[in-house]
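Some notes on the structure that comes next.
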Amino acid sequence: ARQERELLEQQSEYLANRLERVGVKVRSGQYTVIGMLTENHLDKTSFRNCNIIPTVQSRNTHDMMRSVQYWMDTTSAKKTRMWVLSMGYVPLYEYADKHKEFTRIISKLNSHKVLKSYGVEFVYYAIENTIKKVDGVPMLNLHAHVLLKANEFAGKVGWKMMLDRVKLLVPRGYLHDSSIRNAAEVVKYVFKPCEFENLTND
């Protein structure tokens with residue numbers, strides 16, 4: 001656990017340096033951790049609540065992970081499913097607009113009459129992005145992991161019919177459906193820190 005924390009801190013400082021080199025302020029000061037028994041002092045950097053920074057992502061997802069896992073542990077496995085929806089690869093400079101469009105689609109889908117008729121409701125979703133370059137252009141694979149609760153029993157045939165109808169409503173017609181019992185499968189990092197090494201600071 002200590003090694004993992006140290007790695008996150010190193011990655012965070014590295015990304016903070018790169019961001020601040022181009023004028024994006026992510027540090028908000030420092031704080032000191034004091035050991036109650038040893039009285040050792042450790043100076044730590046305080047970061048803005050920005051999910052590009054690994055230590056911030058880790059803190060945010062840790063709290064969410066506990067809440068989502070508790071929900072799963074207290075909900076019947078028969079009623080719990082996960083969907084993966086995708087916008088596909090989008091150019092980095094279009095990301096803000098595509099992200100808004102994607103979240104609107106998910107919100108509208110959650111209240112769509114098809115899902116309501118099958119007693120399906122979204123409980124939680126996380127946007128995840130993986131980064132790659134295509135012909136030198138940075139691209140983000142914008143996709144979401146959606147935790148859902150199926151309140152009514154549709155049977156295998158009914159569930160497949162519902163999935164086929166939902167695929168007509170989502171981007172690219174892409175929908176991956178699976179069972180889920182582990183919160184880590186749905187509570188995701190927004191970005192993977194190591195993938196920023198493929199990008200220039202700008």
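Computed from heavy atoms alone, side chains included, the values below leave out hydrogens, waters and symmetry copies. Here the structure is a predicted model, which means the values were calculated and not measured.
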Is [Y] close to [X] at the side-chain level, that is, under 4.5 Å between some pair of heavy atoms?
X: V186; Y: M72; result: yes
X: T80; Y: S179; result: no
X: L148; Y: E121; result: no
X: N17; Y: L15; result: no
X: Y124; Y: V187; result: yes
X: N129; Y: N141; result: no

Passing candidate, side-chain contact (heavy atoms from CB on, under 4.5 Å) with P171, options M87, H143, E101: M87
Where [X] and [Y] come nearest, the two heavy atoms and their spacing:
X: L115; Y: N110; value: CD2-CA, 4.3 Å
X: V56; Y: R48; value: CG2-O, 3.4 Å
X: E195; Y: I131; value: OE1-N, 2.6 Å
X: Q69; Y: R181; value: NE2-O, 3.3 Å
X: F191; Y: Q57; value: O-NE2, 3.0 Å
X: L85; Y: I106; value: CD1-CG1, 4.2 Å

Main chain of [Y], side chain of [X]: is a donor-acceptor contact present, judged purely on distance under 3.5 Å?
X: S12; Y: L8; answer: yes
X: N51; Y: V190; answer: no
X: E20; Y: V26; answer: yes
X: S58; Y: P54; answer: no
X: R81; Y: L147; answer: no

Nearest 0.5 Å, what's the [atom1]-[atom2] distance between [X] and [Y]?
X: M82; Y: Y125; atom1: CE; atom2: OH; answer: 16.0 Å
X: L19; Y: I53; atom1: CG; atom2: CD1; answer: 5.5 Å
X: E197; Y: L199; atom1: CD; atom2: CG; answer: 10.0 Å
X: K192; Y: N198; atom1: NZ; atom2: CG; answer: 12.5 Å
X: I105; Y: K98; atom1: CD1; atom2: NZ; answer: 8.5 Å
X: D164; Y: W159; atom1: CG; atom2: CH2; answer: 12.5 Å

Cut-off 3.5 Å, side chains only: do [X] and [Y] have a donor facing an acceptor?
X: S28; Y: S46; answer: yes
X: E185; Y: H145; answer: no
X: R66; Y: Y70; answer: no
X: Y118; Y: N151; answer: no

If you draw a 6.0 Å radius around [atom1] in [X], do more than 12 non-hydrogen atoms from other residues or ligands fall strictly inside?
X: K133; atom1: NZ; value: yes
X: E6; atom1: CD; value: yes
X: Q3; atom1: CD; value: no

Checking salt bridge (Lys or Arg N to Asp or Glu O under 4.0 Å) for the pair D63/R59: CA distance, chi angles, key distance, verdict? CA-CA 7 Å; D63 294 342; R59 183 180 65 235; over 6 Å; no
Walk me through whether E13 and R27 qualify under salt bridge (Lys or Arg N to Asp or Glu O under 4.0 Å). CA-CA 9 Å; E13 295 291 349; R27 291 182 174 94; 2.7 Å; yes
What do the steps show when you test L169 against H112 for side-chain contact (heavy atoms from CB on, under 4.5 Å), and what is the final call? CA-CA 9 Å; L169 305 171; H112 198 280; 3.8 Å; yes
So V22 and D202, side-chain contact (heavy atoms from CB on, under 4.5 Å) or not? Walk me through it. CA-CA 7 Å; V22 290; D202 291 334; 3.2 Å; yes
Out of curiosity, does F47 fall in the hydrophobic cluster containing Y189 (side-chain heavy atoms, cut-off under 4.5 Å, transitive links)? no
ILVMFWY cluster, Y93 and L140 together (side-chain gap under 4.5 Å): no
After noting the C-alpha distance and the side-chain angles of E9 and T55, does the key distance pass the side-chain contact (heavy atoms from CB on, under 4.5 Å) rule? CA-CA 6 Å; E9 288 172 4; T55 52; 4.0 Å; yes
Ring of Y174, cation from K167 - is the NZ or CZ under 6.0 Å from the centre and inside 45° of the axis? no
Parallel, tilted or perpendicular: which describes the rings of F122 and W83, with under 30° parallel and over 60° perpendicular? perpendicular
Does V166 form a side-chain contact (heavy atoms from CB on, under 4.5 Å) with V114? I'd like the steps, not just the answer. CA-CA 7 Å; V166 172; V114 172; 4.2 Å; yes
